[in-house]
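A short worksheet on the structure shown next.
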Amino acid sequence: MGMVGGGPGAFIGAVHRVAAELDGRIEMVAGAFSSSPEKSRQAGASYRIDPARAYGSYEEMIAKEKQRPDGIDFVVIATPNNTHLPIAKAALQAGLPVMSDKPATATYDEVLELEKLVKNSGLPYGLTHTYAGYGLVRDARALCAAGEIGPVRKVVVDYLQGWLSEKLEATGQKQAGWRVDPNISGPGGCIGDIGTHAFHLLEYITGLEVTALQGTLRSVVEGRRVDDDCTALLKLNNGAQGILLASQIATGEGNGIRIRIYGEKASLHWGQENPNTLLVRRASGPDETRHASAGYLTSDGRSVARVPAGHPEGYFEAFAVLYREFADWMEAWRADKTAPAPPTLPGLRAGVRGMRFIERSIESNKTGAWVDF
Ligand code: NAI
């Protein structure tokens with residue numbers, strides 16, 4: 001793979017690299033790691049790749065790699081949001097599949113362009129909604145699909161972080177700086193950065209679709225130009241209702257993404273800060289705690305485990321599950337260009353839904369009214 005982003009001091013690029021390589025199916029051999037050619041070279045050296053393959057720009061990486069007999073097979077996008085579309089476009093137009101970080105693009109119009117590009121190219125496109133890679137998220141999804149909790153009536157999903165409680169962007173902190181700049185992050189702040197993860201998790205586990213929402217987006221920290229605290233009431237396509245909270249000013253919170261799904265027969269409770277247990281509570285009967293990797297899980301829940309129960313897996317492993325499925329898809333696609341995406345791997349559809357969620361939330365916030373999805 002060739003990665004764009006992940007330069008010195010970056011957050012998610014290094015996670016992509018470790019996750020992609022975890023199962024020995026993918027190797028990072030090239031990159032345009034920073035918009036600064038010098039920093040890209042530095043990062044290339046730290047990743048121990050051939051110095052000739054640490055490029056000064058993604059355009060150069062794609063052009064030069066296409067000329068090599070051993071050139072990259074796909075492009076990873078781990079850069080700020082406003083660069084996702086141009087990088088994906090350049091890769092797809094060169095015939096290279098894409099594994100992108102979320103949100104798929106910076107704006108809803110952009111994702112519609114991306115949708116056309118991906119569909120016309122027929123190339124694999126994956127989206128790293130990390131939480132979809134956890135074994136117990138897969139287990140919860142399979143339990144919902146099998147009707148184990150009965151028809152879903154209510155979903156409560158929250159994603160609470162505290163790191164932007166203060167005006168971190170004023171200190172020059174890089175990750176904060178671009179996330180609160182609408183020209184880079186897109187018009188959504190917190191709603192795009194983490195609200196999209198919560199939204200994806202809800203639709204991913206329940207298999208339901210949001211059909212309408214009423215959103216309230218606030219900028220709590222003075223002078224901030226994008227939202228940092230969001231609440232959305234949701235209607236789902238089976239008549240259920242939900243509530244989604246996303247906040248980056250929830251003082252003291254770390255990376256608290258949690259979901260509770262209430263069906264007629266039982267409810268499911270999972271949170272990523274304690275990802276190796278899934279609680280099932282029943283209308284009648286005792287609570288059940290399901291443990292990651294255990295033999296009694298659904299086959300979807302078990303199949304992503306790498307180590308026996310009791311050996312904790314976490315963020316890197318969940319990320320690596322998505323890469324493993326992307327590798328499966330790449331291999332199938334090489335043999336048959338019509339090979340479909342693995343149904344458990346988030347991709348283009350998730351990207352379009354997520355961008356629609358941001359756009360609808362912003363629209364609803366203008367008037368306070370419910371908006372259809
Ligand atoms: P960051 O600011 O830490 O790193 C971004 C990197 O991209 C930097 O090294 C920067 O130099 C590089 N870059 C910027 N423009 C570039 C260009 N034109 N060419 C090459 N490199 C360029 O940002 P962070 O936090 O790593 O986020 C990156 C993306 O990943 C964002 O879209 C974010 O939403 C997403 N993300 C996803 C997470 C997940 O759980 N899946 C978690 C964190 C971030």
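Just so you know, ligand 1 is whichever comes first in the structure, and atom 1 is the first atom listed for that ligand.
- Interface atoms of ligand 1 facing Phe33, defined by a heavy-atom separation under 4.0 Å, are 9 (O), 12 (C), 21 (N).
- If you run side-chain hydrogen bond (donor to acceptor under 3.5 Å, both in side chains) between Tyr323 and each of Glu21, Arg25, His16, only His16 comes through.
- Between Gly9 and ligand 1, no N or O atom pair is found at a separation short of 3.5 Å.
- Taking distance alone, with nitrogen or oxygen atoms compared against 3.5 Å, Tyr58 stays at or beyond that limit from ligand 1.
- Taking a cut-off of under 4.0 Å to the non-hydrogen atoms of Tyr315, the atoms of ligand 1 that pass are 39 (C), 40 (O), 42 (C).
- Listed by number with element, the atoms of ligand 1 under 4.0 angstrom from any heavy atom of Ala78 are 5 (C), 6 (C), 7 (O), 28 (C).
- Proximity of His129 to ligand 1, defined as any heavy-atom pair under 4.0 Å, is not found for any part of the residue.
- Within the model, atoms CZ of Phe319 and CZ of Arg17 stand 13.0 Å from one another, a figure rounded to the nearest 0.5 Å.
- Taking a 4.0 Å cut-off on heavy atoms, Arg179 registers as neighbouring ligand 1.
- Scanning for ring pair (Phe, Tyr, Trp, His ring centres under 6.0 Å) contacts around Tyr47 gives Phe33, with sequence neighbours left out.
- Among the atoms of Asn81, some N or O lies under 3.5 angstrom from an N or O of ligand 1.
- Only the backbone of Ala32 comes within contact range of ligand 1, with a heavy atom under 4.0 Å; no side-chain atom does.
- Residue contacts with ligand 1: Tyr55 is excluded, as none of its non-hydrogen atoms falls under 4.0 Å.
- Annotation: the span from Met3 atom CE to Ile77 atom CD1 amounts to 12.0 Å, rounded to 0.5 Å.
- Here is the list of ligand 1 atoms found below 4.0 Å of a heavy atom in His84: 32 (O).
- For ligand 1, the atoms closer than 4.0 angstrom to any heavy atom of Pro103 are 34 (O).
- Residue His197 touches ligand 1 through its side chain alone, judged by heavy-atom distances below 4.0 Å.
- Separation of atoms OH (Tyr131) and CG (Leu201) is listed at 9.5 Å; rounding is to 0.5 Å.
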Stepwise side-chain hydrogen bond (donor to acceptor under 3.5 Å, both in side chains) check, Asp101 with Thr128: CA-CA 5 Å; Asp101 220 315; Thr128 50; 3.1 Å; yes
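- Of the heavy atoms in Glu59, none comes closer than 4.0 Å to ligand 1.
- A cation-pi geometry, defined here as NZ or CZ lying under 6.0 Å from the six-membered ring centre and within 45° of its normal, does not hold between Arg290 and Tyr296.
- With rounding to the nearest 0.5 Å, the separation of CZ in Arg281 from OG1 in Thr289 is 9.5 Å.
- Looking only at atom types and distance, the side chain of Tyr204 has a donor-acceptor partner in the side chain of Arg138 under 3.5 Å away.
- Scored by the salt bridge (charged side-chain N to carboxylate O under 4.0 Å, His left out) test, Lys64 finds Glu60 as partners (sequence neighbours excluded).
- With a 4.0 Å cut-off on non-hydrogen atoms, Ile12 touches ligand 1 through its backbone as well as its side chain.
- Using a 4.0 Å cut-off between a side-chain N of Lys or Arg and a carboxylate O of Asp or Glu, Arg353 and Glu203 qualify as a salt bridge.
- To the nearest 0.5 angstrom, Gln248 atom CD is 10.0 Å from Ile191 atom CD1.
- Numbered from 1 in the order shown, with element, the atoms of ligand 1 that lie under 4.0 Å from a heavy atom of Pro80 read 5 (C), 7 (O), 14 (C).
- Under 4.0 Å from ligand 1, the heavy atoms of Asp193 that appear belong solely to its side chain.
- Less than 4.0 angstrom separates some heavy atom of Val4 from each of these atoms of ligand 1: 19 (N), 20 (C).
- Around atom 16 (C) of ligand 1, the closest heavy atom drawn from Thr79, Thr128, Ile77 belongs to Thr79.
- Set against the non-hydrogen atoms of Trp178, the atoms of ligand 1 under 4.0 Å away are 1 (P), 2 (O), 23 (O), 27 (O), 31 (C), 33 (C), 34 (O).
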